[in-house]
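What follows is a single structure, written as structure tokens, with notes after it.
Per chain, numbering begins at 1; letters A, B, ... match sequence-line order.
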Amino acid sequence: MDAANLEQLNAARRARKAVILVTNLEHGTDRVIVEGGPVDSALSDTVAAAFRSGKSGICEIDGGRYFLNVHRPPAHIVIIGAVHISQVLAQMAALAGFDVHIIDPRTAFATPERFAGIDLTADWPADVLKDRPLDSYTAVVAVTHDPKIDDLPIAEALRKGCFYVGALGSRKTHVSRLERLKKEGLSEGELSRIKGPIGLDIGASSPAEIAVAILAQIIQSLRSRDVASPKGDKA
Amino acid sequence: MSETSFGLDPLMTAEEWMKSGRNVAIATVIETWGSAPRPVGSHLVIDDDGNFEGSVSGGCVEGAVIAEAMDVIGDGKARMLEFGVADETAWRVGLSCGGRIRVFVERLT
């Protein structure tokens, strides 16, 4: 591998860009293709398909054998609410390899003491998401129980095609949430993507058990989404 | 970007090693058949002291890949390796899971 290509590849990955390293298996030469960047016409269809599917593999083009290694951004979990569940979920999610960011405007909850070592922002989601927009490689978990805080990021997550959108609350509060979001202009199809009540149904009771149920559901959504759909919104 | 997702990332490690002046080989799983422990695209990176990060199998064939990687660092020639239960005559090591994998080993230059 070419050293400059390794640096370019890693820089794109750090910037959460999808990127493919193409290696010519006969000559050992390689090059980096960043999603949206220029591609030779001979490779364009193969490269586009690889970005969509996220699958790495060997392909033969014009008699040459190439290995395409596809790197898509690591999944990211944005948690709305610096509550007890979030304290445990943040630690578990980090162990499972997710980046975690917690947002809560309530400074009594969002304290560094309660979330040591966790990326935490004590501000309103509307302001935070302007600087750090959601994307299709992000899961949003809304757990404040407060519509003033939860509703906006849930709507934003649905519009941006986040691969997972979960909201804490009973069936009853979920019905009223759906009514409010419908008034915000979200379609039935979009609203049906919200996981509520949140988490896989494993009878979770304690905050840690609920965190397990949520994390398992996030992994299920991540691994079962329709790879042919760039936003994963058919999962 | 937090350290979480890239903390033990072999390609990030390879870049660090390279920048600190070490010679580095990169092994990549490029094909798998049957039940393979690590997916296509997985990396193992090795330096010239035999330090390594990442994996190309669940630990079954790493030793052999590291040995080959030392030769790749030595002569600069990339190699294609194949491991699997079907290849017991060619390789003393194999994959107990019953799958087969092909691994491309190259030097970082």
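A salt bridge links Arg14(A) with Glu15(B): the distance from a Lys NZ or Arg NE/NH1/NH2 to an Asp or Glu carboxylate oxygen falls below 4.0 Å.
With a 4.5 angstrom heavy-atom cutoff, Val29(B) touches chain A only via backbone atoms. Interface remark: Ala14(B) contributes backbone and side-chain atoms alike to the contact with chain A (heavy atom separation under 4.5 Å). With a 4.5 angstrom heavy-atom cutoff, Thr28(B) touches chain A only via side-chain atoms. For Arg102(B), the part lying under 4.5 angstrom from a heavy atom of chain A is the side chain only.
The distance from atom CG of Asp2(A) to atom CG of Leu108(B), rounded to the nearest 0.5 Å, is 8.0 Å. For the atom pair Ile26(B) CD1 and Leu6(A) CG, the distance stands at 5.5 Å (nearest 0.5 Å).
Between Ala3(A) and Met18(B), the closest heavy-atom pair is CB-SD, 3.3 Å.
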Before giving the answer on side-chain contact (heavy atoms from CB on, under 4.5 Å), spell out for Arg107(B) and Met1(A) the whole-Å C-alpha distance, their side-chain angles and the decisive distance to 0.1 Å. CA-CA 6 Å; Arg107(B) 192 167 75 175; Met1(A) 192 186 295; over 6 Å; no

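Within residues 58-71 of chain A, the residues having any heavy atom under 4.5 Å from a heavy atom of chain B are, by residue number, Ile58(A), Arg65(A), Phe67(A), Asn69(A), His71(A). Using a 4.5 Å cut-off between non-hydrogen atoms, the part of residues 38-49 of chain B that approaches chain A consists of Val40(B), Gly41(B), His43(B).
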